[in-house]
K.L.:
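Take a look at the following structure, please.
Predicted model, so just to flag it, every value in this text is computed and none were measured. Atoms within each ligand, like the ligands themselves, are counted from 1 in listed order.
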Amino acid sequence: MSHPSKHLLAIEGLEPPHIADLLDLAESYALLNRSGKTQRDLLKGRTLINLFFEDSTRTRTSFELAGKRLGADVINMSVSTSSVNKGETLLDTASTLNAMQCDLLVIRHAQSGAPALLSQKVDAAVINAGDGTHEHPTQALLDALTIRRHKGRLEGLVVAICGDITHSRVARSNIHLLTTMGSRVRIVGPPTLIPADAARLGVEVFTDMKKGLEGADVVMMLRLQRERMSGGLVPSAREFFRFYGLDAEKLAVAKPDSIVMHPGPMNRGVEIDSAIADHPTRSVIGEQVEMGVACRMAVLDVLARRLPRNR
Ligand code: CP
């Protein structure tokens, strides 16, 4: 099992064997989870702290479940009732947790680069659970695992990532992972939500939804992140749905066996129609959540192997 770092801060920089190893291990955890068994000896005596400065349902809960299924002591630090509210800085908060001998620190923060900064200041292994518009590496891993389970491979697939690309750390991590593993990635959205550096990312850019979806194996919808927008980048939710929301008519131009993904939380009727989000055969959104637990178990497992035993 190869992993190039003590931390998991980004997908960018990982090589195909690192990603393949993590996905293979995650697949074994997916099977273990479905069997109802656990492996509580693996992280016995280890402490995992969830430090979320932004809201989360899926990521925080699945890291908690993953840690507990592997036997770690898991603490969800409530930032809203912590001394952060008294003016304590991010680094002082991290130093405090470090002094308590935390082994694994899972952090989500609105500032891109916050987990990387912390990783230089603490002894714990740091896992990026989403930083600003930069990366969300475990989301890309769980997305890749879900795709691989349905399509049997990542290489050669046409993956259309659609919607608010500019503000999406999910899109960035997925672009890095999928292009590294040989997929053909398209980004599809209004010109105002396509990042200026798109050409550098090794993707094809489409501003017409049907052209972008034509022949796609995978259609990945993204949430419109109004909280990160300044100014009117999209006219209205209704208008956005008309041109860029995924409905049956637009999906019809993708491959007949294409799968539909969304990292959640979804804005139904804005980026995706409910009939597509809940489609019994095309939507794999529920499976993405399930694979999130398995992938986070794999990441905790791999990083814990590199930790010194007696901290
Ligand atoms: N996909 C994702 O990161 O969801 P949460 O914000 O609920 O963690």
K.L.:
Apply the test side chain to side chain donor-acceptor pair (under 3.5 Å) to residues H262 and Q288: give CA-CA distance (whole Å), side-chain angles for both, the deciding distance (0.1 Å), then the verdict.
P.N.:
CA-CA 8 Å; H262 193 304; Q288 285 175 267; over 6 Å; no

K.L.:
With heavy atoms of Q139 as the reference, note each atom of ligand 1 found under 4.0 Å away.
P.N.:
1 (N), 2 (C)

K.L.:
Just to confirm my output: which protein heavy-atom neighbour is closest to atom 4 (O) of ligand 1, and how far is it?
P.N.:
R58 NE, 3.1 Å

K.L.:
With heavy atoms of T57 as the reference, note each atom of ligand 1 found under 4.0 Å away.
P.N.:
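Atoms satisfying the 4.0 Å criterion: 5 (P), 7 (O), 8 (O).
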
K.L.:
Testing the basics here: between K6 and A124, what is the closest heavy-atom pair and its distance to 0.1 Å?
P.N.:
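In terms of heavy atoms, the two residues are closest at CE-O, 3.9 Å.
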
K.L.:
Would you give me the side-chain donor-acceptor pairs under 3.5 Å for residues 70-80, sequence neighbours excluded?
P.N.:
{"unit_1": "N76", "atom_1": "OD1", "unit_2": "N50", "atom_2": "ND2", "d": "2.7"}
{"unit_1": "N76", "atom_1": "ND2", "unit_2": "E64", "atom_2": "OE1", "d": "2.7"}
{"unit_1": "N76", "atom_1": "ND2", "unit_2": "E64", "atom_2": "OE2", "d": "3.3"}
{"unit_1": "S78", "atom_1": "OG", "unit_2": "S80", "atom_2": "OG", "d": "3.4"}
{"unit_1": "S78", "atom_1": "OG", "unit_2": "T81", "atom_2": "OG1", "d": "2.9"}

K.L.:
Is there a heavy atom in E54 that sits closer than 4.0 Å to ligand 1?
P.N.:
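For ligand 1, residue contact (heavy atoms, under 4.0 Å) with E54 is absent.
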
K.L.:
Short list, please: which atoms of ligand 1 are under 4.0 Å from a heavy atom of T59?
P.N.:
2 (C), 3 (O), 4 (O), 5 (P), 8 (O)

K.L.:
Does any N or O in the side chain of S5 come within less than 3.5 Å of the main-chain N or O of H7, such that one atom is a donor and the other an acceptor?
P.N.:
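Yes: the side chain of S5 pairs with the backbone of H7.
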
K.L.:
Classify the contact between H262 and ligand 1 as side chain, backbone, both or neither, using a heavy-atom distance cut-off of under 4.0 Å.
P.N.:
neither

K.L.:
Under 3.5 Å, side chain of T207 to main-chain N/O of G189, donor-acceptor pair present?
P.N.:
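Side chain of T207 to backbone of G189: no pair is present.
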
K.L.:
Go through ligand 1 atom by atom and flag the ones less than 4.0 Å from a non-hydrogen atom of G264.
P.N.:
1 (N), 2 (C), 4 (O)

K.L.:
Can you pull out the closest protein heavy atom to atom 6 (O) of ligand 1? Residue, atom name and distance to 0.1 Å, please.
P.N.:
R108 NH1, 2.9 Å

K.L.:
Please determine if P263 has a nitrogen or oxygen closer than 3.5 Å to a nitrogen or oxygen of ligand 1.
P.N.:
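There is such a contact, yes.
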
K.L.:
Tell me every residue that passes side chain to side chain donor-acceptor pair (under 3.5 Å) with R34, counting only those two or more places apart in sequence or in another chain.
P.N.:
E290

K.L.:
Can a cation-pi geometry be assigned to K37 and Y29, taking NZ or CZ under 6.0 Å from the six-membered ring centre and within 45° of the ring axis?
P.N.:
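K37 over Y29 ring: no.
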
